[in-house]
Amino acid sequence: MSAKTLYDKLWDSHVVRENDDGTSLLYIDRQLIHEVTSPQAFEGLRMANRRPWKLTANLATPDHNVPTTDREKGIADPISKLQVDTLDSNCDSFGITEFKMDDIRQGIVHVVSPEQGATLPGMTLVCGDSHTSTHGAFGTLAFGIGTSEVEHVLATQCLIQKKSKNMRVEVNGQLNAGVTAKDVILAIIGKIGTAGGTGFAIEFAGDAIRSLSMEGRMTISNMAIEAGARAGMIAVDDTTIEYVKGRPYSPKEEHWSQAVEYWRNFYSDADAEFDKTVILDAADIKPQVTWGTSPEMTIAIDETIPDPEMELDPVKQEGMKAALKYMGLTAGKPISEVSVDVVFIGSCTNSRIEDIRAAAEVVKGKKVSSTITQAIIVPGSGLIKQQAEKEGLDKIFLETGFEWREPGCSMCLAMNADRLEPQQRCASTSNRNFEGRQGQGGRTHLVSPAMAAAAAIAGHFINIKEV
Amino acid sequence: MEKFTKMTAIAVPLDRANVDTDAIIPKQFLKSIKRSGFGPNLFDEWRYKDHGEPGMDNSKRPINPDFILNKSRYANARILLARDNFGCGSSREHAPWALEDYGIRVIIAPSFADIFYNNCFKNGLLPIILPETMIDELFATVAANEGFQLTVDLEQQKITSESSSVANIDISFELDKFRRHCLLEGLDEIGLTLGHAEDIRAYEKKQKEITPWLY
């Protein structure tokens, strides 16, 4: 049998049938559901008088619209409330397991599922959310889908798919101190561009990736979509298996050894062929800050804002000019001289316990700069919040001047009450710096949790070594 | 799903790369639990001068006269000319819903983001990929000729200009067979898949032996 990539193995093990037109019917092991992209799917099921194919394959939690303060008061915005209520009633009436807003297990869907062991190696997983790529960190084929496909999976447990091409992104060598998974993925996107992975499934490999914890790997896979790839996978190893062990949805005793043996097959064979390979040297990667309105517009903390006049491609040049105008920045300015108004630590990219610990370590015993309007920290789930509080991290943040919030997507996309005002500049650990993403007119700079924490203390971007 | 066969309409040129789905339909409108009604808020932050929220009377809002969709010559456009990586970012199907609700049925660009591209076909929208040089030519032709109309024929896989028109456009485009078929027939994909229910059950039975912890 010919050598296979990790993606080939995941794909092949889920093909129900191959159609004559080059598409395949692919079996989906797990679907995650949230309130924003599911109501129309449930409505579609009802209208066609269909039932979910396999109830236990689904897991739901509200995350985009939930308030991160005063949970006991409920949701103030009636339209947000209706959407969350609709998820509750759909899950109740169809019999789908949901961690509701008052459940300690509630949180961002991409944080909750791995935490529960609902994300497992070797499976296919989908969700009506582009950051579903997160789960690829487990050697899982995971990708975001639209609402019509959410309905399709509910009704059939399958999707009609065409196989993507294989891309390998290798990060070799050791990361420098202060360089995190977030810096690595931003550097990768800076190198290949936001459309560099379009049409591909990416596998992240190399010793710098291997050396990351599952939290770090999830940060990497999470942003594969920001490089245009729907899926971003990492091979299964001891780190993966150790993380999965003993979680509520993980295989129990009687299946554990069979599962581990099965999961250990999910890596790329040594002589497997990739359609494209990109190689980065870990030693070259420095802490990153994005300067524009696309995640590919990223520079190292010791660099200056690039000059559009140096860009030869006219469409790209226009894009850079528009980005500088929107961001209120001028070419040639050192990014470390750019001051910040708001700091947001959270999102499905960076709201896990390790992220919160990293930020706490930077701010411990210091004060948030008086020039900062707001600094908030939003844990990814109720269980992470509980864990952080057990470690006393909430107190560190509160003493520093940070706000300690309830779990949800929050200011990553500002669907709830947490948002930027026009022209406010934010150091954000989220994944998208698009125009208006964090609030109309808001200016987003993507950074790691440690870099966001450092910016909160300094009042401007700064190399964490200098805080 | 509405079929797509053939259409003749004005094309509006949106000369900007990396147009993301947050720009196509901003997040505040995603709170709707319906599939329709997103058209008035398509490109909301670029189209209007004020901040839009659900429930506003959009006809009373201040229009941004510089935005291309607001130019009177493109008022009846049903084809969108776009640049690289159109529809990147969030998977929200509200983006094709908003385009469709506004009246757009065809988007022509050098490249699309994967999820958006896929979502289009579920909603009777036809995204067409053409080489950059042809896109440049279309942008130039549309800009130079007010009222210029294109005919998009999915059956023939052709984009043409009216014979009486000043510019002579005759372009063939590629599309995979399955998507073309579904769009031409307006097929219900779920119904198609349920036609293979026996295959799905057979797969599950086999997998139950290999990965029993998932069953």
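Here is how names work: the chains are called A, B, and so on, in the same order as the sequence lines, proteins then strands, and each is numbered from 1.
Going from atom OG of A/Ser294 over to atom CG of B/Asn85 covers 8.0 Å, rounded to the nearest 0.5 Å. The CG atom of A/Leu25 sits 5.0 Å away from the OG1 atom of B/Thr193 when rounded to the nearest 0.5 Å. To the nearest 0.5 Å, atoms CD (B/Glu93) and CD (A/Gln40) are separated by 8.5 Å. Considering CG of B/Asn18 and CE of A/Met297, their distance stands at 7.0 Å, rounded to 0.5 Å. Rounding to the nearest 0.5 Å gives a distance of 7.5 Å between CZ of A/Arg419 and CD of B/Gln28.
Classification of B/Asp20 and A/Arg432 as a salt-bridged pair fails, no side-chain N sitting under 4.0 Å from a carboxylate O. A salt bridge does not link A/Arg230 with B/Asp114: none of the charged nitrogens is closer than 4.0 Å to a carboxylate oxygen. A salt bridge links A/Arg50 with B/Asp188; the closest basic N to acidic carboxylate O contact falls under 4.0 Å.
Using cut-offs of 30° and 60° for the angle between ring planes, the A/Tyr27 and B/Tyr203 rings count as tilted.
A donor-acceptor pair under 3.5 Å links the side-chain atoms of A/Gln83 to the main chain of B/Ser32, judged by distance alone. For B/Lys31 (side chain) and A/Pro78 (main-chain N/O), no donor-acceptor pair under 3.5 Å exists by modelled atom type. Of the possible polar contacts, none joining the B/Glu45 side chain to the A/Gln440 backbone as a donor-acceptor pair under 3.5 Å is found.
Neither the backbone nor the side chain of B/His181 comes within contact range of chain A; no heavy atom of the residue lies under 4.5 Å from a heavy atom of that chain. Of the atoms belonging to B/Pro212, heavy atoms from both backbone and side chain fall under 4.5 Å from chain A. With a threshold of 4.5 angstrom between heavy atoms, B/Ser111 does not approach chain A through any atom at all.
The two atoms that bring B/Trp46 and A/Glu435 nearest to each other are NE1-OE1, 3.2 Å, heavy atoms only.
Put simply, the side chain of B/Tyr117 does not reach to within 4.5 Å of the side chain of A/Thr198, judged on heavy atoms. A heavy-atom distance below 4.5 Å is not found between the side chains of B/Ile33 and A/Phe42.
Heavy-atom neighbours of chain A within the stretch residues 51-63 of chain B, taken at a separation under 4.5 angstrom, comprise B/His51, B/Gly52, B/Glu53, B/Pro54.
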